[in-house]
Amino acid sequence: MGKNLYITTAIPYVNGKPHIGNALDYLLADIWARYQRMNGKTVRFQVGTDEHGNKIAQKALDAGMDPKAYTDSMYGNFEELMKKVNATYTDFVRTTDPHHIGAVQYIWQQLQPYIYKGTYEGWYCQGCESFVTDKEATANNGVCADHQTPYERLGEDNYYLRISDFTEQIREAIEKNRMRIVPEYRKREFLELIKDGLQDVSISRPRKHLSWGVSVPGDPDQVMYVWLDALSNYLTVLGYPDKSDWRDFWPAEVQVIGKDILRFHAGIWPAMLLGLGIDLPRTLLVHGHVNVSGSKMSKSVGNVIDPNEVIDNYGADAFRYYFARHIPTQDDGDFTWEKFENAYNNELGNDLGNVVQRVASMITRYQSGVIGEMVAGEHDMQPYRLAMDELAFDRALNEAWVTVRSLNKYIEDVKPWEIAKRRETETDAEEHLADVLSHSVGTIMQISDLLSPFMPDTSEKINKLFGSGIVQSAGVLFPKIYLHTPDPRTPRVAK
RNA sequence: CGCGGGGUGGAGCAGCCCGGUUAGCUCGUGUGGCUCAUAACCACAAGGUCGUAGGUUCAAAUCCUACCCCCGCAACCA
């Protein structure tokens with residue numbers, strides 16, 4: 001493996017507020033990026049926003065704004081979330097960037113041999129100015145729910161991309177893991193999906209039906225449809241095609257996506273790349289969705305969790321911890337405030353925070369804060385590394401916690417406070433105590449390393465606390481917070 | 001017979017592929033210990049027909065068959 005690595009995240013559509021799924025994307029990519037940098041790699045880490053399409057145009061109209069002005073006002077929400085999550089991205093792309101637009105038009109021209117003109121036919125609502133799927137039309141009995149008008153059967157000219165040409169190549173790349181789909185069951189799911197071949201996709205719309213988008217080169221009446229525009233970002237953000245250093249980072253090592261968009265990234269996207277004669281990404285990491293108390297998050301149910309609320313109340317590291325460990329990297333996970341707060345108070349506070357505190361306190365009390373010769377931690381790193389390499393971040397954090405627990409147990413076993421008492425009478429007790437405490441610090445420093453991709457702020461705090469050889473003021477790492485669960489420190493009044 | 005995932009002590013999961021020690025872990029509950037620490041930490045305990053019914057086997061949570069239940073997906077949906 002070379003020194004340069006590239007990781008990407010899906011670019012969200014900016015017509016709404018950022019949600020937890022976006023935050024999850026940024027978090028997973030960031031954990032990986034930090035881990036690889038720790039291993040000495042140079043990592044480029046892309047993020048961005050998808051800003052074209054009818055929905056945007058409509059929202060802009062509603063707000064009495066020009067579409068670009070509207071997206072200008074919106075994309076910052078996403079940038080703010082990335083920063084809040086503490087994502088160390090290196091490249092930010094907006095699909096309205098002039099370079100991106102030019103590059104997408106170039107890509108279109110390169111794909112010309114695989115593009116043909118066809119007619120798209122479907123149910124169309126004049127009021128919505130858009131087509132609906134057959135399924136939706138059937139569900140509404142052929143009448144648009146918003147406008148109470150019947151759908152019309154309409155045909156329109158579209159350009160199509162002949163991705164069916166690439167079915168075999170893509171299937172083989174996936175089967176032979178040249179383009180790995182993680183986890184394995186997603187790979188099987190997708191292969192099953194394409195067993196009858198990929199179906200060509202429409203990649204443009206008549207301008208009258210899609211006003212806000214990238215113009216099709218050489219055909220002023222047609223505007224590019226979102227997928228070609230949006231998927232291209234992974235390349236254009238690197239400077240493709242004009243800045244040659246894109247080659248230093250492509251193919252992407254990992255592309256982080258949600259399960260809902262796998263088919264586009266495993267079907268259309270590789271077809272585009274093959275059409276351009278560019279290597280396929282090495283890995284698609286497909287994460288699941290975050291449920292709330294076992295149900296899907298949805299606006300109509302009103303159970304949507306705002307990532308900002310978590311971060312503002314508990315801090316970025318607590319957010320990162322919960323969503324990295326308790327939402328399985330490769331599967332759906334569950335969030336409730338109670339689960340979150342239990343994890344925060346018990347695991348971060350009682351396990352990690354407390355062990356750091358007790359060691360710091362003993363060194364301050366017994367040795368005036370002098371740590372003495374630091375011994376490197378001896379915990380076996382292999383299971384952790386294996387989990388990281390397999391992109392199972394939740395398992396890696398479990399491994400880190402094994403170490404935290406074992407340190408608590410170790411302290412309990414050797415009882416440094418008793419050794420401290422024996423210093424009056426036993427000559428070698430002083431040395432023994434110093435060994436025990438410096439060994440404990442060594443283990444904590446190792447834990448800090450393991451945690452640094454996940455909880456960078458915490459890791460840094462620990463390093464500051466012990467790194468100089470003298471224990472610095474011992475601030476509490478994770479003070480107890482009881483916003484959503486009862487506070488055990490206030491005993492309940494007996495009825 | 002559309003495809004896939006799953007049903008293991010109160011909750012969440014591991015184990016199943018390659019059958020075999022007292023079915024493991026985290027949380028919760030109870031009891032005890034300890035006092036360095038954030039009412040923390042440590043130990044022990046209670047609690048399970050491993051979805052149901054059959055089958056294979058000396059032996060099945062683990063393999064086979066049928067059935068029941070839950071959850072995703074089902075193609076232009078960011």
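Chain naming here is simple, since letters A, B, ... match the order of the sequence lines and numbering starts at 1 in each. All values below were derived from every heavy atom in this structure, side-chain atoms included, with hydrogens, water molecules and symmetry-related copies excluded.
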Could you work out the separation of [N] and [M] based on their [atom1] atoms and round it to a whole Å?
N	M	atom1	value
B:C50	B:C41	C1'	33 Å
B:C18	B:C1	P	29 Å
B:C70	B:U8	C1'	15 Å
B:G51	B:A61	C1'	12 Å

Give one of base, sugar-phosphate or nothing for [X], where a contact means two heavy atoms less than 4.0 Å apart.
X	answer
A:F478	base
A:D351	sugar-phosphate
A:D331	nothing
A:L193	base
A:R405	sugar-phosphate
A:L477	base
A:N354	base
A:K55	sugar-phosphate
A:D200	base
A:G48	nothing
A:K259	sugar-phosphate
A:R365	sugar-phosphate

So is A:R320 actually on top of A:F454's ring, under 6.0 Å and inside 45° of the axis?
-> no
Stacked cation flag A:R162 on A:Y114, 6.0 angstrom / 45 deg = no
A:K409 has a side chain; which of B:A43, B:U35, B:U38 sits nearest to it?
-> B:A43
Of the listed nucleotides B:G5, B:U38, B:C36, the one nearest the side chain of A:R188 | B:G5
Rounding to a whole Å, what distance do you find between [X]:[atom1] and [N]:[atom2]?
X	N	atom1	atom2	answer
A:E192	B:C3	CD	C1'	5 Å
A:H326	B:C27	NE2	P	10 Å
A:D260	B:C76	CG	C1'	13 Å
A:D334	B:C70	CG	P	19 Å
A:D413	B:A43	CG	C1'	10 Å
A:F190	B:C3	CZ	P	18 Å
A:N342	B:U38	CG	P	21 Å
A:N350	B:C36	CG	P	18 Å

For residues A:Y314 and A:Y322, establish whether the separation of their ring centroids is below 6.0 Å.
-> no
Is the ring centre of A:Y234 less than 6.0 Å from the ring centre of A:H265?
-> yes
Is there a side-chain polar atom (N or O) of A:Q199 under 4.0 Å from OP1 or OP2 of B:A75?
-> no
According to a strict under-4.0 Å criterion, is A:N346 in side-chain N/O contact with OP1 or OP2 of B:G28?
-> yes
Does the B:G33 base have a donor-acceptor partner in the side chain of A:E412 within less than 3.5 Å?
-> yes
Intra- and interstrand pairs of RNA chain B - dot-bracket, Watson-Crick/G-U under 3.5 Å, | marks other strand = .(((((((.[[[[.)....(...]]]].(((((.......))))).....[[[[[..)....]]]]])))))).....
Heavy-atom pair of closest approach, residues A:G197 and A:T167 = CA-CG2, 3.6 Å
In this structure, CG of A:L24 is separated from OG1 of A:T9 (nearest 0.5 Å) by 11.5 Å
Mark yes when over 12 heavy atoms from residues, nucleotides or ligands other than A:E175 sit less than 6.0 Å from its CD; otherwise mark no.
-> yes
For side-chain hydrogen bond (donor to acceptor under 3.5 Å, both in side chains), just list the numbers for A:H289 and A:D332, CA-CA rounded to whole Å, side-chain angles, deciding distance to a tenth of an Å, and then say yes or no.
-> CA-CA 5 Å; A:H289 288 172; A:D332 287 353; 5.4 Å; no
Full working for side chain to side chain contact (heavy atoms under 4.5 Å, CB included) between A:V355 and A:R405 | CA-CA 9 Å; A:V355 84; A:R405 288 169 183 287; over 6 Å; no
Closest-nucleotide 5' rank along RNA chain B - winner of A:R186 and A:F264 | A:R186
Walking RNA chain B from its 5' end, the first of A:V201 and A:E189 to be reached, judged by nearest nucleotide, is A:E189
Side chains of A:F92 and A:Q46 in contact at under 4.5 Å (non-hydrogen atoms) = no
